[in-house]
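Only one structure is covered here, and it is reproduced in the block below.
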Amino acid sequence: MSKTVERTLLENAIVRFSGDSGDGMQLTGTQFTTTSANLGNDIATFPDFPAEIRAPAGTVPGVSGFQIHFSSRDIHTPGDRPSVLIAMNPAALKANIDDLENGGLLIVNSDAFSKANLKKADYETNPLEDGSVERYRVIKIPITELTHRAVEETGLAKKEADRCKNFYALGIVYYLFDRNMNLTLDWINRKFAKRPEIAAANRLALIAGNSYADTTEIFTTAYSVPPASLTKGKYRSITGNQATAIGFAAAAKLAKRTLFYGSYPITPASDVLHELAALRHFDIQTFQAEDEIAAVCAAIGAAFAGSLALTGTSGPGVCLKSEAINLAIMTELPLVILNVQRAGPSTGMPTKTEQSDLLQAMFGRNGDSPVVILAPATPAECFTYAIESIRIATKYMVPVFILSDGYLANGAEPWRIPDENDLPHIPVSNVAAHSEFLPFERNPETLARGWAVPGTAGLEHRIGGLEKSDGKGNISYDPDNHERMTHYRKEKVARIAHDVPPLEVYGDETADTLILGWGGTYGSIFTAVEWLNQHGVKLAGAHFRYLNPFPANTQDIMRQYKRVIVAEINTGQLDWLIKGQFNIPTTPYQQVRGKPLLVSDLCEFIQGLK
Amino acid sequence: MSKTVERTLLENAIVRFSGDSGDGMQLTGTQFTTTSANLGNDIATFPDFPAEIRAPAGTVPGVSGFQIHFSSRDIHTPGDRPSVLIAMNPAALKANIDDLENGGLLIVNSDAFSKANLKKADYETNPLEDGSVERYRVIKIPITELTHRAVEETGLAKKEADRCKNFYALGIVYYLFDRNMNLTLDWINRKFAKRPEIAAANRLALIAGNSYADTTEIFTTAYSVPPASLTKGKYRSITGNQATAIGFAAAAKLAKRTLFYGSYPITPASDVLHELAALRHFDIQTFQAEDEIAAVCAAIGAAFAGSLALTGTSGPGVCLKSEAINLAIMTELPLVILNVQRAGPSTGMPTKTEQSDLLQAMFGRNGDSPVVILAPATPAECFTYAIESIRIATKYMVPVFILSDGYLANGAEPWRIPDENDLPHIPVSNVAAHSEFLPFERNPETLARGWAVPGTAGLEHRIGGLEKSDGKGNISYDPDNHERMTHYRKEKVARIAHDVPPLEVYGDETADTLILGWGGTYGSIFTAVEWLNQHGVKLAGAHFRYLNPFPANTQDIMRQYKRVIVAEINTGQLDWLIKGQFNIPTTPYQQVRGKPLLVSDLCEFIQGLK
Amino acid sequence: MTESATLQKKDFQSDQIVRWCPGCGDYAILSAVQGVMAELGVPRENIVFISGIGCSSRFPYYMNTYGFHTIHGRAPALATGVKLANPNLSVWVITGDGDGLSIGGNHLLHVLRRNIDVNILLFNNKVYGLTKGQYSPTSDQGMKTKSSPDGAIEYPINPIRVALAAEASFVARTYDANIKHMAEVFMEAAQHKGTSFVEILQNCVIFNKDVFDDVYDRKVRDDHMIHLADGEPLIFGSEEKKGVFFTGSGLTVQKISDSSPEGLMVHNSKEHAPFYPNMLASMEYPAYPVPVGVFKRIARPTYETMLHDQIKVAKQRKGDASLKKLFHAGETWDIG
Amino acid sequence: MTESATLQKKDFQSDQIVRWCPGCGDYAILSAVQGVMAELGVPRENIVFISGIGCSSRFPYYMNTYGFHTIHGRAPALATGVKLANPNLSVWVITGDGDGLSIGGNHLLHVLRRNIDVNILLFNNKVYGLTKGQYSPTSDQGMKTKSSPDGAIEYPINPIRVALAAEASFVARTYDANIKHMAEVFMEAAQHKGTSFVEILQNCVIFNKDVFDDVYDRKVRDDHMIHLADGEPLIFGSEEKKGVFFTGSGLTVQKISDSSPEGLMVHNSKEHAPFYPNMLASMEYPAYPVPVGVFKRIARPTYETMLHDQIKVAKQRKGDASLKKLFHAGETWDIG
Ligand SMILES: Cc1ncc(C[n+]2csc(CCOP(=O)(O)OP(=O)(O)O)c2C)c(N)n1
Ligand SMILES: Cc1ncc(C[n+]2csc(CCOP(=O)(O)OP(=O)(O)O)c2C)c(N)n1
Ligand code: SF4
Ligand code: SF4
Ligand SMILES: [Mg+2]
Ligand SMILES: [Mg+2]
């Protein structure tokens, strides 16, 4: 594109766009993502929303960020620290500057550094002038003014002209990384089809930003990140919440059943409700309940009546659902509980990620109450485990937890779109009427009872939360019966260990040390293992998607290593499970910062181990 | 008393009274208990209520039982199996006969074995005649008819005369064990002061039963159980629920604070509400809330405003309270949560005991959410741990769980009444107004924040469930702050390990094997250890009253033994905690039958270990 | 399979032994319901009874239909899921004054406003039976129970008023002492399309014995109750006939005579303005006779009809569900 | 320590930056409340603001008093505990239509019937603001939101009617567009002894912009609202005066003229019969003008007074609490 600078070839780069929530940073980030993905880069993104709906403009709590990692190789995280930071105002600078890597490129909208704005961001002096950004390569651009000039011809009012700033900035970054603007130009045309003057202004801003970067030679170096060699196929970008919703919809088709999703809005799970609510034509029923208890109870009712029943929430909502989950355990009905985890305890930090509800899923109910626990490892895997959750719940007549998290939910990665014909059929069947019917008769292999659905003549029966007699299902206070039923419930879940893929080891299998993780930390841990292996550190890794039961080969794998590191975003929950179940010593590694694990910190930790 | 038979001296005996819920068996049992206690026996009792309010008369679900173990030595359980069973009707026989020890004495009211009654109890043939009670020493007495005759002179109607049956039976058993009837005669006079004809009838029945046994020589042997050598003092019989309530009342006086008990009725916890509701003159506020959530929330509100705040329930209620308990953890307010455990999961078996909510207490909330967990080991100890819970909650500004259970709650034992002046003072103080006040400033030793109570000028501040900044307590999304606060919450609880009595070992300390237990199984496990030691099996025992944190010396103790048995009434919850925390192999022993652990089964298990 | 035509009351009796206290009002209610079932003409397999927890909530075990004895207070939410999953089912919710108005008050409110076509029978014995006799949200102030030894200090709520505030489309009251009346009301409830709410005055002989005797004992019934019938004036009284009059500022009870004022109220359960059923609902003993019968019944689309309509429309508009289309939504690109 | 006499509005502003969207109605409410606080004459340390979760529920952070931002829906229960522990505190509950009527509906019901002396301000913006715009229990049917892309199919409830069914002793409505009116109503609420329930019509500029404009926009306000004042007839209208008449079978709006019929209603918030406030509550736009002001205020003993009375009486009757007596209750015996 440009002829004026040499382009340095990079294997990968991490760019973070940041500005006020009103500045359109999520949109800018998404455009950059789509363009890069189309170029053939592997990508991973992570948005960082403000906790408030509209915090006061210009303040730090109002900052919105979007980080994208794009690469010519396989990548697995949105990256620890950006190498390029775009800060549209002082608050954005303040909120993000500490993350920028030393010597990184800082592009600021210098127009926004007014006294008033500095004050809103709680800066006493102008950071662009007081030496505090000296460590970085700072590029100050009067983006506001330049944008105004660029869109002048459209005659837009100042306020609307202002809104085009983000495209100006995007134009600059497109230049920096040698990206073609056509996709974004097309998108602008489509998006603003009904408001051509806005479309024109945004186009002008984008092109002007791009040309500005090209002609003014503000960049001494510019870069290029060539395509990755990804598996062939059609791709789209997908967030964890989208993948979860689509996975559920697919599962319903594969099982040929109506899907029922009972939910009460809660961050960061609400989008799954929103996605599914738009899929009425898939025979999907979404039920926005009056609270989490009603949501799960309605789902249990739907399960009783034969639907594929799901309920979705985040940690505090799981607290409220716990009594009813026990009812599903006791009545042995299939139920999927989606927990998009966030930082806790209590209300915690609703917009921040954490993996601290594992033991809640495992033990957070009265009595001995075993459930199945699954945890997707990447945004796209949410699709796979949504389907898997329904397969297991219906085959074993058991509640299944899916532990997603805020990072997976909102983070995006390219998803190789599957051929629907390649997806497994999920065989689900009701008990047919027969004279010997017993509600709690079990399949000898799976120990599951049958699904006897109201509407079937001859199978009329009663179930409930009181202990039931083996077979007949009548209320029973018999001591031996209670013991037997307790063990059935436990054993039924335990047997699933043999019906799931074995745990796989990656990295240097011959190492002495194994690092374990689960769920959403996969990208960070995998990247750390890769980097360490490349830098001469022998290390193997294994990542759990099945937390209860663990895959059947888990113990065998762990026995092969002298040291087992357990890395997670909590104060040691998988660590408890491993020790409680396998009785082996572990080396825990934990961060509880409301953020994904930092690869660099993890690498440093492992290198520091004696 | 009697001159006609020789009395065999027994060290101890176990008697179970059983009959229809209308037959007054609880009353009969209590009278026998009081008399035996006054005689100087050590006692332990366990009632067995039907699940229904009034199940149809004569059916098995309507059977009510009361077991009493009385002894001339220290005893710790109501006994595994009765040596004497009184069965007032066929249903009572059916429900209890399997528990009677081989060769045990079976006293039946033969009048009740009519066709109709046999049918109600689902007997096809009369068990007294078909040989099915041959293993026992059966004594058939036409109690109904004899009672009628005994009370004839009072002119009572048949129905009311019928009601005196239980005293007739009690008279018989008093003879059998050489008990003086005066206390019961006095009690009858007091109780029926307003209905002298009923008093007279009951007296007549009691005396007649006693004389009948004496004169008809139905017993070839009669017994005598001499007094035990208990610590001197004044005693009363106390159930766990009574002891809990009294303990709370005492704690309030010791801490000089108003007590607030927020609760929603639930079996088997309701009696604590009832007991406390009768203590308004102790400045105790009981609040019967609309549900468990409101109960705990009102308690948290009361804690915020400076009361000693408690909430009581059973397992399903804890599920509902879990979200709010996290609020108390996050806002670091003192709160005591009483869980009188019952058999789960879900509604389970509400009237049956179990110890299966330990991991729920430990982990049953979203996020990393540490709480303190205490578990009294005997009914009387409920008093001690009620006080202890308030000491810890207020000193460390932290929620404290008390895990009682249905067995402790309803079981009774003699309680040596303490001198109130010997009870420890509980020092509790509010933050006084000062200019440097920070809501989340911590005591460097305990890490507790101060209790800054509304109404205090100058301390106005805001708290809530969102993560707060260290010190100031403002909302904070800062990653490092979250990590720091998470660790404070954890460390605060961990430090309590050094502020509680060390774990003590009993039995043969030099053994290779240690048996661990917790809470309500103490009596059974202790008795088993005692018996095994007496029978040449080397075995030490240790019993946890502090489950989180464990006492500081726990690891040291466990290291001294080659084998650690963990015995409990669930599928392995303490076992998880031990392994998760100390990483040692264990030998688990579990029963999940809604009943106390059987000493004999436990002994057999241990003897069978290789 | 539709043996329904020939079903008898006894076909609805399950093989479980009924375990309420002898004399409990629940027996009569059970009998009335079983009778109505036989007349309904709905096959047994299409009937589901769903309850919470309480003495009353053991009901499903005694019905030879599908049944679900759920958890405390949540039956309306569960029933919602059942009905949405299969709108062909005849769904009955059994609840108590504690189950339905204490822990479960909110679910009751929301199922009513959503107008899910289920029939809710609330057994009001003004006490918590199963947990052995604590006061409930409908207990009279001052009631002494184990949890209120000095008398309850809570002000009771009126289930009918709560149902009306929840915008219920069918609201009625009946009482356990009158099987015939119960049967009529249950039948009306069954036939109403939308949530039907029925309060049943129920005698708990153990913990709140004869609490309704002032109202429905045979000796006083005619003077202390008023049986609502559409088109009929609100007149009651065994000997002397009295009427309920609206006099501009409020309701009064007056003798019927030639000199009676204007304003004698005439019952109309289909009255759309909320004030009329509310006015009825404010009639409480002893100031007024207690109304029994159908207070309100209006037509309003049910939630499940609207939901299934949305599904139908979506299918028409977007075509049948194609996973392929769903997967490929948004921007896609090719690699390789 | 009672600096209260000299307190100014600004003394009630905390040092936290207010973080609602620019233009949100919550700002005006905050300002009105802070103004009322200054006039109340209650020292700051005796004031507690308790909220659930929602945009509205961030309120306590902005008040320089004691404050507790609790969990979703539970503020009334928490406030109950606070008030029982210390009846001297002036306790304010801040809630939203989601917080108070969806997840928290039951607690609202029960705090009202118990008549705990707290003041409840329900910010009704007919939407879930904090979770980014799903429909709420007060949303109009048909409202399109992310969770109801084809339109909400739930029938809304009216907060005032719910409060009345809960036997609330003080019920009022005001609106964010009128600081003066808000201040008056809040002051009345503060002065009422017992639970005060105030619905505030509140504009969410982001997710439900101007939903109340039909009612309270300055241009239409006089014609679409009616300001209730005790002793005043229900008359409204900017040009043409109209009145609300009760005509025996229902409410009608008619022009005021010499030929107006009888039955022009006169406001009386102290009317004890429940039918009057209920009738007012059933007035909804567009059929009727929307009433604002105090619907109902009646005297009824508060829960905390009765509780503390029971404690007093128990002390008189049983003497002061003696642990010794308590320990020795029942049968005791001596050993040794
Ligand atoms: C979560 C939970 N809390 C409390 C209970 C205990 N409980 C069972 S039924 C009941 C009240 C029953 O009263 P009501 O609904 O009036 O039914 P009734 O027994 O009077 O028919 C209570 C408090 C429970 N089972 N579950
Ligand atoms: C247990 C729980 N469930 C769900 C949520 C998510 N949540 C927070 S506020 C809210 C609704 C807020 O609506 P409203 O009360 O109307 O307040 P507004 O934001 O409109 O002022 C929801 C669903 C939560 N915080 N906690
Ligand atoms: S306790 Fe009352 S409601 Fe329950 S079964 Fe007995 S009489 Fe009926
Ligand atoms: S989202 Fe709506 S209610 Fe919330 S702060 Fe913004 S404008 Fe106010
Ligand atoms: Mg009841
Ligand atoms: Mg709202």
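Each chain gets a letter, A, B and so on, in the order the sequences are listed, and its residues count up from 1. Nothing here was measured: the structure is a model prediction, and the numbers come from that model. Side chains are part of it too, since the values below use all heavy atoms of this structure and drop only hydrogens, waters and symmetry mates.
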> Which answer fits I293(B), side chain, backbone, both or neither, if we ask what part of it has an atom under 4.5 Å from a heavy atom of chain C?
Replying inline: neither

>> Which atoms of H72(C) are under 4.5 Å from chain B, going by heavy atoms: the side chain, the backbone, both sets, or neither?
In response: side chain

>> Can you tell me which portion of I153(C) sits under 4.5 Å from chain B's heavy atoms? Options are side chain, backbone, both or neither.
In response: neither

>> I'd like to know if the side chain of E290(B) reaches the main chain of I103(C), judged simply by a donor and an acceptor atom lying under 3.5 Å from each other, with no hydrogens or angles considered.
In response: no

Please tabulate, one pair per line, all N/O donor-acceptor pairs under 3.5 Å involving side-chain atoms of residues 209-217 of chain C, not counting sequence neighbours.
residue	atom	partner	partner atom	Å
D210(C)	OD1	N203(C)	ND2	3.1
Y216(C)	OH	D176(C)	OD1	2.6
D217(C)	OD2	K219(C)	N	3.0

> Which answer fits Y135(C), side chain, backbone, both or neither, if we ask what part of it has an atom under 4.5 Å from a heavy atom of chain B?
Replying inline: both

> chain B heavy atoms under 4.5 Å from C24(C): which part of the residue, side chain, backbone, both or neither?
Replying inline: neither

> Among I71(C), L130(C), L101(C), T70(C), which residue forms the greatest number of heavy-atom pairs with chain B at distances under 4.5 Å?
Replying inline: L130(C)

> Donor-acceptor pair, K94(B) side chain versus D122(B) backbone, under 3.5 Å?
Replying inline: yes

> Under 3.5 Å, is there a donor-acceptor pair linking the side chains of S139(C) and E154(C)?
Replying inline: no

> What part of S263(B) gets closer than 4.5 Å to chain C, counting heavy atoms only: side chain, backbone, both or neither?
Replying inline: neither

> Between P265(B), A289(B), S21(B), G62(B), which residue shows the highest count of heavy-atom pairs closer than 4.5 Å to chain C?
Replying inline: P265(B)

> Would you call K352(B) and D48(B) a salt bridge, taking side-chain N to carboxylate O under 4.0 Å as the test?
Replying inline: yes

> With F59(C), which of F49(C), W92(C), Y27(C), F68(C) fulfils ring-ring contact (aromatic ring centres under 6.0 Å, His included)?
Replying inline: F49(C)

